[in-house]
Asks: 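Here it is, the structure, as structure tokens.
Throughout, residue positions are numbered sequentially from 1 according to the sequence presented. Counting convention: from 1, in listed order, for ligands and their atoms alike.
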Amino acid sequence: MRAGAHELRLQLAAHPLAYPVVRLLGRLGPVVRVPGLGIVVNEASAAREVLTDTGTFRSGGGTEADLWTPVFGSSMLVNMDGPEHRAMRRKLAEFFTPAYVRRLIDAACTEPLARTAETLRRGRPVDVVRTTKIVAGAVTSALVGFTVTGSTAEREAAYLRMTGQATAIIGLVKLGRLSLSAPQITKARAIVAEIGVTTSLAWEKGDENTAVGRMRGFGLTEAEARGLASAFLIAGTETITSLLPRMVAVLHDHGELAGVAAAHRRGDTRPVEAAIDESARLITPAPIILRNAVRPGRIGRVEVRAGDRVVLSALNCARAPGRFDLARAHPPELRRLWFGAGPHFCLGYPLATAEIHAILGTLFDSAPLRITARRAERGVLFPAYRRLEVSRA
Ligand code: HEM
């Protein structure tokens, strides 16, 4: 099977109609006005221009970010703009320091990844999707203020439940429908009610060794801490559970897994960084970023009117340079566009990167690996594997 065929299957399983349409729109030009949809941006420098011009293009006011406001309130960063957004980001500038990220990752990853390594060492298969969900669930539990105790099996179940809550909420969203109905809002609130209470309790305690205590220490109000915790749940679980297993599969399918693993084992970081960047480019887990124009302007040669919706096809932008190629240098305008750009650039980027390094590092240590089973998830917002089983070759 062609190396890219598995990725295509994942995309089509997630978005059987939207994926071909979006890719087709990508052929119409760098920036195109599509009646009924908005202005579609398919080129990285134009996308970067939009994301950094916050005077003209806003996150709030009918974009996907606003969708969450009735459920989580207005302090989620993604649904904020202007001075309020700037002020909250400024307070959080030192939130994910390298030392804090290391602490979070050590606490979340050490045990599940030791078990993953042991399973592989014994010649048994590991489901990379499940491992990633456990790690992401452990990280998110820490970030929203959940203290998880009990046996290994009980803790794993709690972490999987946390990831499952994010999946259930994000599952309410469909491409092309940018608001939640009243019953959906009720359902979403019910799913996250417990998390909000937990975050509030942690905020009251204010223990600066905990994530929510840190938020309070950095000057966030209780409402802001609850908003941020929910942003972490929404933004930080499905993205990584989409990306990480697909990275493993992409490297495997292009015949690069063994070489990159060997580089990792001899401590050569450059090929590993290149593998992470190039596979993330190809995958671009959040394929679309939306903005609204609040005043007239221009994107490339296309005139923008106040009220226009701008659909940034991060996927088309990222795919434009061509096929997967580990030797490819990413031009400046493309640089990690899959994590956004400008003032809304992914706050969790250092954490996501550390999660990727921790999980890939464990798998690379157990190489050579081969994929022994895989299955695509259907009808999801972020294309993903439902199962990706690897074993020692
Ligand atoms: C593979 C993993 C990830 C990807 C691809 C990703 C991608 C993105 C993108 C594209 C944005 C910008 C959205 C926009 O401009 O509208 C964003 C924002 C954000 N991300 Fe991530 N993200 C990832 C992981 C994480 C993690 C692990 C966390 C935290 C636990 C996180 C927290 C956030 C937050 C809070 C924002 C909002 C920032 C703001 O609006 O100021 N993300 N992410």
Asks: Could you list which atoms of ligand 1 come closer than 4.0 Å to a heavy atom of Leu143?
Replies: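 Listed by number with element: 30 (C).
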Asks: Which atoms of ligand 1 sit under 4.0 Å from any heavy atom of Ile289?
Replies: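 Reading through ligand 1 atom by atom, the close ones are 10 (C), 14 (C), 15 (O), 16 (O).
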Asks: Under a plain distance cut-off of 3.5 Å, with no hydrogens placed, do Thr56 and Asp53 share a side-chain donor-acceptor pair?
Replies: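 Yes, Thr56 and Asp53 have a side-chain donor paired with an acceptor closer than 3.5 Å.
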Asks: For ligand 1, which part of Leu77 has a heavy atom less than 4.0 Å away: the side chain, the backbone, both, or neither?
Replies: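 Under 4.0 Å from ligand 1, Leu77 contributes backbone and side-chain atoms.
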Asks: Which bit of Arg291 gets closer than 4.0 Å to ligand 1, counting heavy atoms only: side chain, backbone, both or neither?
Replies: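 For Arg291, the contact with ligand 1 is made by the side chain alone.
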Asks: Hey, is the main chain of Leu25 close enough, under 3.5 Å, to the side chain of Asn316 for a donor-acceptor pair?
Replies: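 Not at all, since once roles are kept as given, no pair shorter than 3.5 Å links the two residues.
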Asks: Counting heavy atoms only, name the option from Gly236, Ala354, Ala136 that's nearest to atom 26 (C) of ligand 1.
Replies: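 The option holding the nearest heavy atom is Gly236.
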Asks: If you measure from each non-hydrogen atom of Arg89 to ligand 1, which part falls under 4.0 Å: side chain, backbone, both or neither?
Replies: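 Looking at Arg89 and ligand 1, just side chain atoms fall under 4.0 Å.
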Asks: Testing the basics here: between Gly340 and Leu51, what is the closest heavy-atom pair and its distance to 0.1 Å?
Replies: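 Scanning both residues completely, I find the closest heavy atoms to be C-CD1, 4.3 Å.
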Asks: Relative to the heavy atoms of Gly340, which atoms of ligand 1 are at a distance of less than 4.0 Å?
Replies: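 Near Gly340, meaning under 4.0 Å from one of its heavy atoms, ligand 1 has 10 (C).
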Asks: Pick one of side chain, backbone, both or neither for how Leu244 approaches ligand 1, counting any non-hydrogen atom pair under 4.0 Å.
Replies: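 Leu244 to ligand 1: no contact under 4.0 Å from either part.
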Asks: Judged by modelled atom types alone, do Arg48 and Thr52 share a side-chain donor-acceptor pair under 3.5 Å?
Replies: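 Note: Arg48 and Thr52 side chains miss the donor-acceptor criterion.
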Asks: Report the part of Pro285 in contact with ligand 1, treating N, CA, C, O as backbone and CB onward as side chain, heavy atoms under 4.0 Å; options are side chain, backbone, both, neither.
Replies: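 It is the side chain that touches ligand 1; the backbone stays farther off.
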Asks: For ligand 1, note which part of Val78 has a heavy atom under 4.0 Å away: side chain, backbone, both or neither.
Replies: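 Both backbone and side chain.
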Asks: As a check for students: among Ala231, Cys346, Ala352, identify the option with a heavy atom nearest to atom 8 (C) of ligand 1.
Replies: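 Result: the heavy atom closest to atom 8 (C) of ligand 1 is in Cys346.
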Asks: Taking everything shown except Arg161 itself, do over 12 heavy atoms lie less than 6.0 Å from its CZ?
Replies: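 No, because the 6.0 Å sphere around CZ of Arg161 holds 12 heavy atoms or fewer from other groups.
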Asks: Tell me whether Arg265 is salt-bridged to Asp365, with the criterion being a basic N under 4.0 Å from an acidic carboxylate O.
Replies: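 Not counted as a salt bridge, because no side-chain N and carboxylate O are separated by less than 4.0 Å.
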Asks: Residues two or more places apart in sequence or in another chain: which of them pass side chain to side chain donor-acceptor pair (under 3.5 Å) with Ser151?
Replies: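 Per chain and number, Ser151 pairs via side chain to side chain donor-acceptor pair (under 3.5 Å) with Glu154.
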Asks: Out of all atoms in ligand 1, which are within 4.0 Å of some heavy atom of His85? Include the element for each.
Replies: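 Selected atoms, number and element: 39 (C), 40 (O), 41 (O).
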Asks: Answer yes or no: does atom CD of Glu303 have more than 12 heavy-atom neighbours from other residues, nucleotides or ligands under 6.0 Å?
Replies: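 Result for CD/Glu303: open.
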Asks: Polar-atom distance check: Glu355 versus ligand 1, any N or O pair below 3.5 Å?
Replies: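 No: no nitrogen or oxygen of Glu355 is under 3.5 Å from one in ligand 1.
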Asks: Distance under 4.0 Å to a non-hydrogen atom of Trp338: what atoms of ligand 1 satisfy this?
Replies: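 Answer for ligand 1: 5 (C), 7 (C), 10 (C).
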Asks: Ring centres under 6.0 Å, that's the criterion: do Phe232 and Phe96 meet it?
Replies: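 Yes: the rings meet the under 6.0 Å criterion.
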Asks: Run the side-chain donor-acceptor check on residues 212-224: report pairs under 3.5 Å with partners two or more places apart or on a different chain.
Replies:
from, atom 1, to, atom 2, distance (Å)
Arg214, NH2, Glu94, O, 3.3
Arg214, NH2, Phe95, O, 2.6
Arg216, NH1, Trp203, O, 2.8
Arg216, NH1, Glu204, O, 3.2
Thr221, OG1, Glu224, N, 3.1
Glu222, OE2, Ser200, OG, 2.6
Glu224, OE1, Lys91, NZ, 3.3
Glu224, OE1, Thr221, N, 3.0

Asks: Flag Ser59 as yes when one of its N or O atoms lies below 3.5 Å from any N or O atom of ligand 1, and as no otherwise.
Replies: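 There is no such contact.
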Asks: State plainly whether the residues Asp268 and Arg266 are in salt-bridge range, i.e. N to O under 4.0 Å.
Replies: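 A salt bridge links Asp268 with Arg266.
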Asks: I need the contact type for Met76 against ligand 1. Using non-hydrogen atoms and a strict under-4.0 Å cut-off, is it side chain, backbone, both or neither?
Replies: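 It is neither; nothing of Met76 touches ligand 1.
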Asks: Heavy-atom distances under 4.0 Å are what count here, so tell me which part of Tyr349 touches ligand 1: side chain, backbone, both or neither.
Replies: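 It is neither; nothing of Tyr349 touches ligand 1.
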Asks: Please identify which atoms of ligand 1 are closer than 4.0 Å to at least one heavy atom of Leu351.
Replies: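 Contacts of ligand 1 toward Leu351, numbered from 1: 30 (C).
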